[in-house]
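No experiment lies behind these values; they were computed from the predicted model shown. Letters A, B, ... mirror the listed sequences (proteins, then strands); counts begin at 1.
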Amino acid sequence: MHYWLMKSEPDVFSIDDLQERPGHTTHWDGVRNYQARNMMRDDMSVNDLVLFYHSSCKVPGIAGIALIARAAYPDFTSWNPESEYYDPKSSAGNPRWYMVDVKSVRKFKHLLPLEELKKHEALHDMPLLRRGNRLSIMPVSKAHWDYILALAGRNNG
DNA sequence: GCCAACGTTGGC
DNA sequence: GCCAACGTTGGC
């Protein structure tokens, strides 16, 4: 059992968008970074839990919780020339990129802002808060997970 | 829109 | 395999 944080730009795809999908589920396409791909492909399992993070927006932060509904499989957008995620070096026969299916568990009543996370010494060694880390998928330790859920509980009073 | 930090690319 | 140039991310 692993815990994760996955970033999405809410203007592109928010937790509300996820909840509006059939079965509250979508395929997480467009990951084009090898480190993130390897984590998805090698370490993500069905029912792993995910912090759904809103990035590149007015108030970045954790918007809710999701889970991995399907383990990694080839990202078919990578061999679709029409897709913005097209990669000519990837094909159905030899896929370069992978995706998982993500299902919403719950949306926080109040977003837990990045600014708030930074105030907590206990979270300072999270990859998310380390400078220069721009990965769109990051592992979250059990200790950090529990701490953040407690925070979210308080935040949602 | 700025810019620091990183990843990727490609010439050599 | 080095490394400069370029592109991307993402908070501010």
Side-chain angles (χ1 to χ4, degrees), chain A residues 2-21 26-44 48-68 72-102 104-105 107-141 143-145 147-152 154-156:
Chain A
H2 290 108
Y3 300 93
W4 304 97
L5 180 144
M6 296 172 84
K7 294 180 186 173
S8 186
E9 298 183 22
D11 293 345
V12 179
F13 191 82
S14 70
I15 195 161
D16 294 309
D17 295 324
L18 181 58
Q19 293 192 317
E20 283 165 16
R21 291 295 170 96
T26 195
H27 54 268
W28 202 267
D29 59 14
V31 173
R32 295 293 179 268
N33 170 283
Y34 288 106
Q35 248 183 291
R37 179 203 67 180
N38 293 348
M39 284 191 277
M40 273 200 303
R41 192 189 54 191
D42 304 335
D43 299 325
M44 274 188 179
D48 277 2
L49 290 168
V50 176
L51 298 171
F52 193 112
Y53 183 86
H54 283 176
S55 68
S56 293
C57 53
K58 198 165 180 187
V59 185
I62 299 167
I65 295 170
L67 61 76
I68 303 301
Y73 57 105
D75 182 343
F76 48 78
T77 66
S78 68
W79 57 77
N80 174 9
E82 309 289 300
S83 170
E84 60 174 314
Y85 300 125
Y86 178 59
D87 178 353
K89 290 174 181 164
S90 184
S91 65
N94 186 18
R96 171 175 294 209
W97 304 110
Y98 285 78
M99 58 187 174
V100 295
D101 285 356
V102 170
S104 175
V105 173
K107 175 187 171 181
F108 291 160
K109 204 185 302 172
H110 305 289
L111 178 127
L112 192 52
L114 175 63
E115 196 182 18
E116 170 69 22
L117 300 176
K118 284 180 175 173
K119 290 178 187 165
H120 295 265
E121 182 67 36
L123 300 177
H124 281 183
D125 52 343
M126 279 187 86
L128 177 72
L129 302 183
R130 285 209 305 261
R131 73 195 299 244
N133 200 327
R134 299 163 305 146
L135 279 180
S136 63
I137 296 175
M138 305 180 184
V140 175
S141 72
H144 288 154
W145 177 274
Y147 192 95
I148 287 169
L149 257 65
L151 264 188
R154 256 193 278 162
N155 200 37
N156 285 274

inquiry  = Roughly what angle, to 10°, lies between the helix axis at the start of the helix from B:dG1-C:dC12 to B:dC12-C:dG1 and the one at its end, five pairs per end?
reply    = 10°
task = Tell me what A:K58 touches on the nucleic acid: a base, only sugar-phosphate, or nothing, going by heavy atoms under 4.0 Å.
result = nothing
message = I'd like to know if the side chain of A:D101 pairs up with that of A:Y73 as donor and acceptor (distance under 3.5 Å, no hydrogens or angles considered).
response = yes
Can you tabulate the close N/O pairs, meaning under 3.5 Å, that link protein atoms to atoms of nucleotides 4-10 of chain B?
from, atom 1, to, atom 2, distance (Å)
B:dA5, OP1, A:R131, NH1, 2.7
B:dA5, OP1, A:R131, NH2, 2.0
B:dC6, OP1, A:R131, O, 3.4
B:dC6, O4', A:R134, NH2, 3.1
B:dC6, O2, A:R134, NH1, 3.3
B:dC6, O2, A:R134, NH2, 2.9

key: Aromatic centroids of A:W97 and A:F76 separated by under 6.0 Å   = no
For A:L111 against A:H54, the heavy-atom pair lying closest together = CD1-ND1, 4.0 Å
ask   = Considering only heavy atoms from C-beta outward, does the side chain of A:L151 approach that of A:L123 to under 4.5 Å?
value = yes
request  = Could you tell me how the ring of A:H2 sits relative to the ring of A:W4: parallel (under 30°), tilted (30 to 60°) or perpendicular (over 60°)?
outcome  = tilted
request  = Ignoring hydrogens and angles, state whether a donor on the side chain of A:S14 or A:D17 is under 3.5 Å from an acceptor on the partner side chain.
outcome  = yes
key: A:H144 and A:D125 side chains, donor-acceptor separation under 3.5 Å   = yes
query = Can you name the side-chain contact (heavy atoms from CB on, under 4.5 Å) partners of A:R21, sequence neighbours left out?
reply = A:F13, A:T26
